[in-house]
Amino acid sequence: MAAEIIDSRQSFRYDDDVVISYETEGDGPTPVVFLHGFAAGLITWHDIRPLFPTPLFRLYLLDLKGYGFSSKPRDHRYAPEDQAAIVLSFMEALNLRHAVLVGHSLGGGIALLAFHQAREKNERELIDRLVLIDCAAYPQRLPRIMRWLRVPLLGRAILHLLPVRFMVRYSLDRVFHDKKAMTSDRIDRYVTCFGRKGIDHVFIETCRRLIPDRYAALSGFFRGIAVPTLIIWGEKDRFISLDHGRRLQGEISGTLLDVIPDCGHNPHQERPAET
């Protein structure tokens with residue numbers, strides 16, 4: 001496991017099959033690690049990245065396994081637990097300590113799992129704080145498109161037959177409450193997330209590994225989280241109800257819940273300054 005530079009991106013080799021692409025910003029003493037959601041990539045943090053004071057923070061933006069420019073092996077290890085193990089290995093390899101771990105949507109669930117895995121390994125200095133944005137923390141009925149993708153033949157047909165830009169616009173129309181946030185620049189960014197070779201396998205396997213019973217069992221450790229935690233939620237989120245944010249606040253001691261009004265599932269893009 002080692003970090004190296006390839007072209008303008010940096011990369012972390014997790015094993016023979018998995019290389020994780022990431023970007024950095026700033027040279028401050030506080031490391032902040034960002035984990036994106038489903039069907040996204042590190043580019044979804046580009047709206048918020050310039051708002052962090054570079055003398056105070058060192059940002060690490062990751063493409064999770066299978067997403068963006070990270071490897072897309074045709075294996076079955078795309079469960080949130082698999083992604084969390086890679087995140088921890090990344091932090092260990094770069095010797096990050098006392099980090100803030102930020103996760104959006106599925107990335108929020110992965111952040112919680114990474115925190116849990118770090119505590120199980122007694123690596124208590126890795127993660128000092130959590131920021132969970134519209135976080136996938138509890139079992140729920142998956143959005144329709146994700147249910148379709150769980151069926152391999154149907155999922156491949158959707159991803160191969162429909163134009164990439166159409167799929168992006170369809171998805172963002174349901175993600176953003178403020179339709180003015182669906183700028184051509186953001187659509188172009190998501191096209192790179194949807195359009196890379198091998199992404200059909202990644203999307204299908206990720207959806208198939210989201211098992212409600214497993215989520216229900218893992219949520220039992222939330223009450224044991226004892227680090228400062230900020231929960232940010234878009235008031236008009238159509239994918240994950242604000243009720244989940246309130247429930248999470250009730251289970252993690254000393255948590256602050258900040259609800260952004262008139263905002264959908266992606267506050268860091270729709271309302272980056274407030275986020």
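Since this is a predicted model, take the numbers as computed values, not measurements.
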Report yes or no: do [X] and [Y] belong to one cluster of Ile/Leu/Val/Met/Phe/Trp/Tyr joined by side chain heavy-atom distances under 4.5 Å?
X	Y	answer
Ile252	Leu242	yes
Ile86	Met91	yes
Leu106	Phe221	yes

**OP:** Give a yes or no on whether a salt bridge exists between Arg189 and Asp47, defined as a side-chain N under 4.0 angstrom from a carboxylate O.
**Re:** yes
**OP:** Could you tell me whether Glu270 and Arg186 have a side-chain N and a carboxylate O separated by less than 4.0 Å?
**Re:** no
Return the minimal non-hydrogen interatomic distance between [X] and [Y], and the atom names on each side.
X	Y	value
His201	Asp75	NE2-O, 2.8 Å
Val227	Ile127	CG1-O, 4.3 Å
Lys180	Thr183	O-CG2, 3.6 Å
Gly37	Ser105	CA-CB, 4.3 Å
Gly109	Cys135	N-SG, 3.7 Å
Ala114	Ala84	N-CB, 3.6 Å

Original post:
Centroid-to-centroid, His36 to Trp45, below 6.0 Å?
Top reply: no
Original post:
Is the centre of the Phe38 ring less than 6.0 Å from the centre of the Phe203 ring?
Top reply: yes
**OP:** Start with the C-alpha distance between Arg165 and Asp188, add both sets of side-chain angles, then the distance that settles salt bridge (Lys or Arg N to Asp or Glu O under 4.0 Å), and finish with yes or no.
**Re:** CA-CA 8 Å; Arg165 201 168 189 85; Asp188 288 342; 2.9 Å; yes
**OP:** For atom CZ of Arg147, decide whether the heavy atoms of other residues, nucleotides or ligands shown that lie under 6.0 angstrom number more than 12.
**Re:** yes
**OP:** For Asp185, look at atom CG and say whether over 12 heavy atoms of other residues, nucleotides or ligands are found less than 6.0 Å away.
**Re:** yes
Spatial distance of atom [atom1] ([X]) from atom [atom2] ([Y]) [nearest 0.5 Å]:
X	Y	atom1	atom2	result
Glu205	Cys207	CD	SG	9.5 Å
Thr206	Gln83	OG1	CD	6.5 Å
Ser184	Arg169	OG	CZ	9.5 Å
Glu274	His268	CD	NE2	14.0 Å
Phe176	Met182	CZ	CE	8.0 Å
Ile20	Ser71	CD1	OG	6.5 Å

Looking at side-chain heavy atoms only, is the closest gap between [X] and [Y] below 4.5 Å?
X	Y	answer
Glu123	Glu92	yes
Leu42	Leu62	no
Ile240	Trp233	yes
Leu248	Leu257	no
Thr275	Ile48	yes
Thr30	Val100	yes
Pro272	Leu51	yes
Pro261	Glu235	yes

Is the terminal nitrogen or CZ of [X] (NZ for Lys, CZ for Arg) located under 6.0 angstrom from the six-membered ring centre of [Y] and within 45° of that ring's axis?
X	Y	value
Arg174	Tyr170	yes
Arg58	Tyr60	yes
Arg9	Tyr22	no
Lys65	Tyr78	yes

Would the distance check show the side chain of [X] and the main-chain N or O of [Y] forming a donor-acceptor pair, the cut-off being under 3.5 Å?
X	Y	result
Gln117	Glu81	yes
Thr44	Ala40	no
Ser241	Asp243	yes
Glu25	Leu59	no
Asp134	Gly234	yes
Ser11	Val19	no
Arg97	Leu126	no
Asp15	Val18	yes
Ser70	Ser21	yes

**OP:** Give the C-alpha distance, both sets of side-chain angles, the deciding distance and a yes or no for ring pair (Phe, Tyr, Trp, His ring centres under 6.0 Å) between Phe115 and Phe222.
**Re:** CA-CA 10 Å; Phe115 180 86; Phe222 293 166; over 10 Å; no
Subject >> Any side-chain donor near an acceptor of the partner, Glu251 and Tyr138, under 3.5 Å >> reply: yes
Original post:
What residue among Val87, Leu88, Leu94 forms side-chain contact (heavy atoms from CB on, under 4.5 Å) with Phe90?
Top reply: Leu94
**OP:** Check each of Ile133, Ile232, Leu35, Val33 against Val102 using the side-chain contact (heavy atoms from CB on, under 4.5 Å) test, and report the only one that passes.
**Re:** Ile133
**OP:** Decide side chain to side chain donor-acceptor pair (under 3.5 Å) for His244 and Gln249; before the verdict, give the C-alpha distance in whole Å, the side-chain angles of both, and the deciding distance to 0.1 Å.
**Re:** CA-CA 9 Å; His244 286 220; Gln249 180 190 27; over 6 Å; no
**OP:** Determine, stepwise, if the pair Thr229 / Arg129 fulfils side chain to side chain contact (heavy atoms under 4.5 Å, CB included).
**Re:** CA-CA 6 Å; Thr229 301; Arg129 283 165 284 177; over 6 Å; no
**OP:** Could you label the plane-to-plane angle of the His104 and His265 rings as parallel, tilted or perpendicular, counting under 30° as parallel and over 60° as perpendicular?
**Re:** tilted
Original post:
Passes side chain to side chain contact (heavy atoms under 4.5 Å, CB included), Leu230 versus Thr255? Steps please.
Top reply: CA-CA 6 Å; Leu230 171 63; Thr255 298; over 6 Å; no
